[in-house]
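One structure is given here, and the rest of the page talks about it.
Residue numbers begin at 1 in each chain, while the letters A, B, ... track the order of the sequences.
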2 protein chains.
Amino acid sequence: MARKQGSHSDITGPKVQAAALRLIAQHGFAAVSMRQIAAEVGVQAGALYNYTPDKQSLLFELMRSHMTDLLAAWDTADISGDPLARLEGFTRFHIHFHLPRADQVFVAYMELRNLSPENFAQIEAMRHRYEDALEEILRAGEAAGVFKMADTRVTTMALIGMLTGLSHWYRTDGRLETATIEAIYWDLVRKAVAA
Amino acid sequence: MARKQGSHSDITGPKVQAAALRLIAQHGFAAVSMRQIAAEVGVQAGALYNYTPDKQSLLFELMRSHMTDLLAAWDTADISGDPLARLEGFTRFHIHFHLPRADQVFVAYMELRNLSPENFAQIEAMRHRYEDALEEILRAGEAAGVFKMADTRVTTMALIGMLTGLSHWYRTDGRLETATIEAIYWDLVRKAVAA
DNA sequence: CGTCTAACTGAACAATCGTTCAATTGCAAA
DNA sequence: TTTGCAATTGAACGATTGTTCAGTTAGACG
């Protein structure tokens, strides 16, 4: 019979994820030990194995849930309209979603090489779905004559790179609000693909 | 009395650097052991300490020499002319320099958090000098009225991010030549900051 | 040809790694 | 209040870590 709500399990589980995310983002997966994560949670190392079968699965679950959240949020966002409006929607959605999730973005980008081949393939597939969403918008705009690019696939990767790079230097305590950043980046994106 | 040229030292030294660079780029600094590097070189682990005082210094030297090469190449490039020509020069220089150095770029970006605070500060300062070179071009173009941006500093970071992101997905065995990539990216950069 | 020493080996060091598991704890249900 | 079991402890495991160092080797020099 399972424990009721409020039992330690329901509290410790999320704590493990949060501690692992923070520590891995800061020091890197290979540099963080299970004992460090356990200490941050306030338990012994052995207790972590009630919440993950092993260290690799812990990393994978962090990345998988981040990508799942991203794709779910994108589906919910329901960006529609003409290609220009959809491109603006994608740009603002990307920034709005990623800026408050600095640790997740960091881990999802930096720790890909520490995933097992099977786990890597799953994350990569999800990332690809997200990239394809942008590429589809660009192709629609190209077909409609409102966008003009030398190479659509390369432009997709270039814009994704520009948007993702933002998470690597933006600081929430800096001089710029999220809304300001959104406007600046949208200006760059819009002009870059303008017909 | 030092050994003459052709001694093992002159051969093993570069081999250590090359092996460390390749392995760290592939698996990450913390995930690579001194014994793995030694095995790749063809020596025992203890022999590495003829070429580096410790593992941390080995990483720092890889990053320092990469950044030194970059800044030296930029100084030599001697990009001049009107702001538009200089921006094109910077864009093409960046791609031309970075594309054949995928491992160095990877290590220089992914392993910053594994540097000691003093070493980090040095690398960061060099990176800043490079970013400033782009920012100066953008400001000159802005003053001349040939560029127009919502925020010059943010645009600098956005363009650097876009250009650097290229190294993360570009494969030398892919469908696109370096010259083609240069042209595509220059097209995006030029339009993004156009007045 | 014999000498010297840079280069390297191979073993050892204490520390730390991920993971397992019998024993203990403490709360919820009966 | 007693019972049952989820949650956790704490110790242990074999493996591996970065680093040191006395001893061996081999190639260039006098």
Side-chain angles (χ1 to χ4, degrees), chain A residues 1-21 23-24 26-63 107 111 113-119, chain B residues 1-24 26-63 107 111 113-116 118-119:
Chain A
M1 185 180 293
R3 282 282 175 104
K4 296 179 79 171
Q5 279 192 355
S7 74
H8 287 181
S9 175
D10 292 341
I11 296 173
T12 308
K15 268 183 156 183
V16 170
Q17 304 271 336
L21 178 67
L23 286 169
I24 292 172
Q26 188 169 8
H27 304 292
F29 176 70
V32 171
S33 71
M34 295 298 270
R35 284 173 179 83
Q36 279 178 266
I37 298 171
E40 177 109 343
V41 173
V43 296
Q44 295 296 315
L48 298 181
Y49 290 84
N50 290 322
Y51 305 97
T52 181
D54 49 41
K55 197 189 177 190
Q56 165 72 206
S57 302
L58 183 54
L59 173 63
F60 175 62
E61 190 52 35
L62 288 177
M63 298 174 73
V107 170
E111 307 298 346
R113 59 189 167 179
N114 286 309
L115 290 174
S116 69
E118 308 80 33
N119 289 343
Chain B
M1 187 179 291
R3 283 280 175 106
K4 293 181 81 175
Q5 277 191 358
S7 74
H8 287 181
S9 176
D10 290 341
I11 295 173
T12 308
K15 268 183 154 183
V16 170
Q17 303 271 334
L21 178 66
R22 204 189 66 78
L23 286 170
I24 292 173
Q26 188 169 9
H27 305 291
F29 176 70
V32 171
S33 70
M34 294 298 270
R35 283 172 180 81
Q36 279 177 267
I37 297 171
E40 177 109 342
V41 173
V43 296
Q44 295 297 316
L48 298 181
Y49 291 85
N50 290 321
Y51 304 97
T52 180
D54 49 43
K55 197 188 178 192
Q56 164 73 207
S57 302
L58 183 53
L59 173 64
F60 174 62
E61 191 51 36
L62 289 177
M63 300 175 72
V107 170
E111 307 298 349
R113 59 189 168 180
N114 287 309
L115 289 174
S116 68
E118 307 80 31
N119 289 343

Distances under 3.5 Å between protein N/O atoms and the N/O atoms of nucleotides 19-23 of chain D, please, pair by pair.
unit_1 : atom_1 : unit_2 : atom_2 : d
D:dT19 : OP2    : B:Y49  : OH     : 2.7
D:dT19 : OP2    : B:K55  : N      : 2.9
D:dT19 : O5'    : B:Y49  : OH     : 3.3
D:dT19 : O4     : B:R35  : NH2    : 3.2

Mind checking side-chain hydrogen bond (donor to acceptor under 3.5 Å, both in side chains) for A:Q17 and listing every partner two or more places apart, or none if nothing turns up? none

Sorted by chain and number, sequence neighbours left out, side-chain hydrogen bond (donor to acceptor under 3.5 Å, both in side chains) with A:R35 holds for none

What residue pairs, at least two apart or across chains, pass salt bridge (charged side-chain N to carboxylate O under 4.0 Å, His left out) with a residue in residues 41-51 of chain B? none

Pairs where residues 14-24 of chain B contributes a residue and the test salt bridge (charged side-chain N to carboxylate O under 4.0 Å, His left out) is met, not counting sequence neighbours: B:R22-B:E40

Report yes if a side-chain nitrogen or oxygen of [X] is closer than 4.0 Å to either non-bridging phosphate oxygen (OP1 or OP2) of [N]; otherwise report no.
| X | N | answer |
| --- | --- | --- |
| A:T12 | D:dT8 | yes |
| B:Y51 | C:dC8 | yes |
| A:S33 | C:dT16 | no |

Are B:E111 and A:R113 within salt-bridge range, i.e. N to O under 4.0 Å? yes

Nucleotide [N], atom [atom2] - distance to [atom1] of [X] in whole Å:
| X | N | atom1 | atom2 | value |
| --- | --- | --- | --- | --- |
| A:L48 | C:dT20 | CG | C1' | 13 Å |
| B:I11 | C:dC8 | CD1 | C1' | 14 Å |
| B:N114 | D:dG18 | CG | C1' | 15 Å |
| A:K15 | D:dA7 | NZ | P | 15 Å |
| B:Q44 | C:dA12 | CD | P | 14 Å |

Contact class for A:V41 (heavy atom, under 4.0 Å): base, sugar-phosphate, or nothing? nothing

Under the side chain to side chain contact (heavy atoms under 4.5 Å, CB included) test, residues paired with A:A18 that sit two or more places apart: none

